[in-house]
Amino acid sequence: VQVALLEAAAEAKPIFHNLMQLYLHEMSEWSGADPDRHGLYAYPYLDRYWTAEGRDEGRVPLLIMADDRLAGFVLKNRWSYRGAPETEHTVAEFFVLRKWRRQGVGRRAALELFRRFPGRWEVGEEHHHLAAQAFWRAVIGEYTAGAFREVQVDSPAWHGPVQLFDSRTEV
Ligand SMILES: CC(C)(COP(=O)(O)OP(=O)(O)OC[C@H]1O[C@@H](n2cnc3c(N)ncnc32)[C@H](O)[C@@H]1OP(=O)(O)O)[C@@H](O)C(=O)NCCC(=O)NCCS
């Protein structure tokens, strides 16, 4: 599978609004989120990915393409799970559509993401979301050849493992 990671212009906003519903529904298994009375899951910060303020906050929206077809999306920001000011990049959301899973699409998109944004990364997963933990440990482990740290965050804002590494030291 040919995988590409494309920075998304404002014209692509509807794609994110639509795929976000699929993502939030899937994640509700772990987050416990309920849809509103219209049946929609809320995601308050999406529009900020296309504002100057959002840019200043390190927000970047990206589409994952597989064989030139829409296969998922990534939202990158700088929100530290640990409240660490030195953190430069965080995976806010990461989604691969079901038909493309377990074919290395997520892996290739993530490796490209780390290369494209050099610096100190944090990636966190919900405490009970074991598949995401397995995925990120495998991919970050590959990128860093095992040279990453993992901490357990237990705060009002987050509960689960967080991987820490510097993507400038790719091996
Ligand atoms: C997690 C997710 C992004 C993985 O994407 P993917 O394209 O299927 O992952 P890959 O095929 O690149 O997997 C790479 C490796 O990660 C691990 N992995 C991936 N999915 C896994 C799963 N469901 N269970 C256990 N390990 C998994 C495996 O080691 C895998 O290598 P292998 O297939 O050779 O065993 C995808 O399942 C997804 O979008 N899930 C819903 C949203 C989500 O949970 N996002 C993460 C939020 S933190």
Side-chain angles (χ1 to χ4, degrees), residues 1-6 8 15-35 40-46 49 58-82 84 87 89-117 120-155 157-165 167 170-171:
V1 186
Q2 193 82 23
V3 177
L5 191 60
L6 307 178
I15 300 175
F16 286 82
H17 274 283
N18 293 332
L19 293 191
M20 185 60 82
Q21 289 300 310
L22 307 178
Y23 173 76
L24 291 173
H25 171 252
E26 186 163 352
M27 296 303 274
S28 71
E29 196 167 341
W30 320 107
S31 69
D34 289 306
L40 288 172
Y41 292 94
Y43 192 78
Y45 293 107
L46 189 54
Y49 281 84
R59 295 183 195 271
V60 181
L62 303 121
L63 291 171
I64 301 174
M65 307 298 293
D67 290 341
D68 293 323
R69 275 172 288 170
L70 187 56
F73 69 84
V74 183
L75 294 180
K76 186 199 85 68
N77 65 13
R78 200 194 301 138
W79 184 81
S80 171
Y81 293 93
R82 315 169 285 154
T87 293
H89 308 293
T90 307
V91 175
E93 322 296 344
F94 194 100
F95 185 51
V96 172
L97 292 173
R98 283 187 178 273
K99 72 167 268 193
W100 294 106
R101 291 192 192 165
R102 295 311 285 263
Q103 297 164 65
V105 172
R107 171 183 166 270
R108 267 168 274 182
L111 295 174
E112 172 57 24
L113 179 72
F114 300 148
R115 266 183 224 116
R116 195 150 337 152
F117 297 96
R120 288 183 294 271
W121 278 86
E122 283 191 27
V123 182
E125 304 89 32
E126 302 267 358
H127 179 61
H128 293 290
H129 193 354
L130 301 181
Q133 292 167 27
F135 169 72
W136 286 113
R137 285 179 188 133
V139 171
I140 296 167
E142 177 181 346
Y143 188 93
T144 62
F148 69 96
R149 285 203 299 137
E150 185 173 298
V151 295
Q152 287 295 323
V153 173
D154 210 341
S155 74
W158 195 255
H159 184 52
V162 174
Q163 293 84 33
L164 311 170
F165 65 100
S167 70
E170 185 184 3
V171 282

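Whatever order the structure lists them in is the order used to number ligands and atoms, beginning at 1.
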Side-chain heavy-atom pair Leu63, Leu5 within 4.5 angstrom cut-off: no

Checking heavy atoms under 4.0 Å, the part of His129 that sits near ligand 1 is side chain

Atom 5 (O) of ligand 1 sits nearest the protein heavy atom Val96 CG2, 3.8 Å

For Val105, the ligand 1 atoms with a heavy-atom partner under 4.0 Å come out as 7 (O), 12 (O)

Out of Glu93, Glu125, Met27, the nearest non-hydrogen contact to atom 47 (C) of ligand 1 is supplied by Met27

Looking only at protein heavy atoms, what sits closest to atom 37 (O) of ligand 1 is Arg101 CD, 3.3 Å

Assert yes or no for the condition that the ring centre distance of Tyr43 to Tyr23 is strictly below 6.0 Å. no

* **Backbone of Glu112 reached by a side-chain donor or acceptor of Arg116 within 3.5 Å** => no

Atoms of ligand 1 under 4.0 Å from any heavy atom of Ala134, numbered from 1 in the order shown, are 25 (C), 26 (N)

Query raised in the report: Within the distance-only criterion (no hydrogens, no angle test), does the side chain of Thr87 pair as donor or acceptor with the backbone N or O of His89 below 3.5 angstrom?
Result: no

Atom 34 (O) of ligand 1 touched by protein (heavy atom, under 4.0 Å)
no

In terms of its nearest heavy atom to atom 23 (N) of ligand 1, the top option of Ala92, Ala131, Gly141 is Ala131

Margin query: I'd like to know if the side chain of Glu122 reaches the main chain of Arg78, judged simply by a donor and an acceptor atom lying under 3.5 Å from each other, with no hydrogens or angles considered.
Written below: no

of all protein heavy atoms, closest to atom 29 (O) of ligand 1 is Ala138 CB, 3.8 Å

Atom 21 (C) of ligand 1: of Arg107, Arg137, Arg102, the nearest heavy atom sits on Arg102

task: State, yes or no, whether a side-chain contact exists between Ser167 and Tyr143 at a heavy-atom distance under 4.5 Å.
output: yes

Next item on the list: Check if Glu126 has a non-hydrogen atom at a distance under 4.0 Å from any atom of ligand 1.
Entry: no

Note: ligand 1 atoms sitting under 4.0 Å from heavy atoms of Phe95 are 39 (O), 42 (C)

Give a yes or no on whether the backbone of Leu130 and the side-chain of Glu125 come within a donor-acceptor separation of less than 3.5 Å.
-> no

Looking only at non-hydrogen atoms, the one of Trp136, Phe73, Phe135, Trp30 nearest atom 1 (C) of ligand 1 is Phe135

Under 4.0 Å between heavy atoms, the region of Arg108 that gets near ligand 1 turns out to be neither

Determine the interplanar angle of the Phe114 and Trp121 rings, folded into 0 to 90°, and report it as parallel if under 30°, tilted if 30 to 60°, perpendicular if over 60°.
perpendicular

Ligand 1 to Phe94, heavy atom cutoff 4.0 Å, flagged ligand atoms 3 (C), 42 (C), 43 (C), 45 (N), 46 (C)

Gly104 heavy atoms within 4.0 Å reach ligand 1 at atoms 10 (P), 11 (O), 12 (O)

Min heavy-atom dist Tyr23 to ligand 1 below 4.0 Å: yes

query = Taking atom types as modelled and ignoring hydrogens, do the side chains of Thr90 and Trp79 form a donor-acceptor contact shorter than 3.5 angstrom?
reply = no

Using side-chain heavy atoms (C-beta onward) and a distance below 4.5 Å, is Phe165 in contact with Val123? yes

Nearest non-hydrogen contact to atom 7 (O) of ligand 1 from the set Gly124, Ala110, Gly106 belongs to Gly106

Quick check: does any side chain N or O of Asp67 sit under 3.5 Å from a backbone N or O of Val1, one acting as donor and the other as acceptor? no

